[in-house]
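In what follows, residues are counted from 1 in the order of the sequence shown. As a basis for the values below, the full set of heavy atoms in this structure was taken, side chains included, without hydrogen atoms, waters or symmetry mates.
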Amino acid sequence: MIKIMKYGEVPADEIFARVTAMTDVSDIVADIIADVRANGDAALLKYTEKFDKAKLTQLKVTEEEIEEALGIIEPEFLRILERAAANIRKFHSRQVRNSFIINDEPGIVMGQKVIPVDRAGLYVPGGTAAYPSTVLMDSIPAKIAGVKEVMIVTPPMADGKVNPVILAAAHVAGVDSIYKVGGAQAIAALAYGTETIPKVDKIVGPGNAFVAEAKKQVYGMVSIDMIAGPSEILIVSDDRTDPRHVAADLLSQAEHDKNASAVLVTDSADFALKVQAELEIQIPQLEREEIARASIDNNGKIIVADNLTAAIDIANEIAPEHLELCVDEPFAYLDSIRHAGSVFMGRNCPEALGDYMAGPNHTLPTSGTARFSSPLSVDDFVKKTQYTYYTKDALADLAQDIDYFARKEGLTGHARSAVIRLEK
């Protein structure tokens, strides 16, 4: 049963405790990465047979396989994928940054170019637990950014095929190529390249502990989006919300993973009890009952605050991945939210809306990293290059200042490189 805590009466370390118990897989991952670097496709095929029980002869998904998948996908699901993709494109198109130029002083031109990375690799969990929503959320911003080649790596099913829902989503999103490989070995392939899989500039997408550790180890060789932890939801609610709705929203995250975190912060002790009781009714109704039960019992909590202002303060301290504001006037509190991955406003905005259909991205910072990081966006797939042009006369105006500044840092070579241009 979920724990109920009264803020101010329970130690702060209990209120703000996070799930931190993670198995150390760093040595295993390091060995896999080294193997892939040394042996390329042969290592990928070996690990795919070992971990995914699929014996492959080729890694790249063919056009025929994509056509086959589209032929067996229900037309209704394709319609839903297209609708979700349209909403995602609409939202992320507003994130596009423009290059700029400054030339308002004689002899001086400065500017910044916004340039997409050449190639992005998207990790998509696969096999029997497939997430087509991840395909849309991770590939559409890359396409909007102008990335030349958007690739997917995803583990195959035991029959050697990629789950057709992933292929359908990739088709809708306009993904350029798909490869049948998962785990740490897939991340290694994206970072270093193999005979079949070209190396990329950016790796994004969620995965298990092995995938997260591999992303951490290859960072620097490539860019990554984030190191994602267990999924989280925090709901701030008054007592006028239907407790069934709040319980259902908490369970929408609890069913992800036994380490997932579901938290309610409310200003009503009576409402806390109602939600606690409702969770006990709804948990047995879930297909993933065992996972949800472990998450709720071990990591779930209901925090009773004195008022909604205090509830918002608690939410900011926790900095959750998903934050729901189930209150009468959610926009009145929006400016007070400083740390959250994505905010869901009002009583009719379940977090699942954001997972699938609304448009804002669902690849979000976890484990409190919303204090300093952001949801996946078009920005993740571009870089900036700045440029400067000065005429001789314009440089002359600054050369003595450069000389003085450089000598203060003990860098006489810097100083001379400026003033030498003024010598006759």
Side-chain angles (χ1 to χ4, degrees), residues 76-96 122 124-125 130-145 165-166 168-175 204-206 225-226 228 231-237 241-242 244-256 260 262-264 315 319-335 337-366 370 373-381:
E76 177 66 5
F77 185 57
L78 282 174
R79 181 193 67 78
I80 291 170
L81 285 174
E82 293 283 7
R83 186 177 186 186
N87 289 342
I88 295 166
R89 289 189 185 100
K90 180 179 180 181
F91 181 85
H92 289 80
S93 293
R94 299 296 294 270
Q95 296 175 338
V96 175
L122 320 177
V124 179
Y131 296 101
S133 58
T134 297
V135 176
L136 300 181
M137 292 290 181
D138 289 0
S139 57
I140 289 174
K143 282 291 183 180
I144 291 172
V165 299
I166 290 180
H171 172 77
V172 168
V175 170
V204 306
D225 53 349
M226 63 188 76
S231 190
E232 308 165 339
I233 187 170
L234 187 147
I235 301 174
V236 172
S237 180
T241 308
D242 189 327
R244 298 175 305 151
H245 299 172
V246 171
D249 291 359
L250 292 170
L251 292 175
S252 72
Q253 293 306 293
E255 72 172 353
H256 265 298
V263 177
L264 166 65
E321 177 186 15
H322 307 98
L323 172 61
E324 289 187 12
L325 294 179
C326 295
V327 295
D328 283 336
E329 300 291 341
F331 285 96
Y333 297 93
L334 183 57
D335 285 347
I337 301 298
R338 299 185 62 249
H339 307 306
S342 193
V343 185
F344 300 85
M345 310 284 287
R347 305 187 205 279
N348 299 302
C349 198
E351 183 274 322
L353 176 67
D355 272 351
Y356 300 114
M357 299 299 297
N361 211 282
H362 80 193
T363 300
L364 304 169
T366 61
S373 57
S374 308
L376 189 76
S377 72
V378 171
D379 285 343
D380 283 283
F381 299 98

Do you know the tightest heavy-atom contact between [X] and [Y]?
X	Y	answer
Ser252	His256	O-CD2, 3.8 Å
Val175	Ser139	CG2-CB, 3.8 Å
Ala370	Ala319	CB-O, 3.8 Å
Val246	Ile235	O-CD1, 3.8 Å
Pro375	Gly341	CG-O, 3.2 Å
Met226	Leu364	SD-O, 3.2 Å

Do NZ/NE/NH1/NH2 and the carboxylate oxygens of Arg79 and Glu76 come within less than 4.0 Å?
-> yes

Just do the side-chain contact (heavy atoms from CB on, under 4.5 Å) check on Asn361 and Met137 with the steps written out, would you?
-> CA-CA 6 Å; Asn361 211 282; Met137 292 290 181; 3.8 Å; yes

Do [X] and [Y] come within less than 4.5 Å of each other through their side chains, counting heavy atoms only?
X	Y	result
Ile80	Met357	yes
Tyr131	Pro206	no
Asp379	Gln95	no

Using modelled atom types and a 3.5 Å cut-off, is there a donor and acceptor pairing between side-chain atoms of [X] and backbone atoms of [Y]?
X	Y	value
Asp355	His362	no
Asp380	Ser377	yes
Glu324	Phe344	no
Glu232	Glu321	yes
Gln253	Ile233	no

Gap between atom [atom2] of [Y] and atom [atom1] of [X] - 0.5 Å precision:
X	Y	atom1	atom2	answer
Lys90	Asn87	NZ	CG	7.0 Å
Leu325	Leu334	CG	CG	7.5 Å
Leu122	Leu136	CG	CG	11.0 Å
Asp328	Arg347	CG	CZ	4.5 Å
Asp138	Leu376	CG	CG	5.5 Å
Thr363	Asp225	OG1	CG	7.0 Å

Got a sec, which residues hit side-chain contact (heavy atoms from CB on, under 4.5 Å) with Ala358, two or more places apart in sequence or on another chain?
-> Leu353, Pro360

Heavy atoms from other residues, nucleotides or ligands near NE2 of His171 exceed 12 (cutoff 6.0 Å) | no

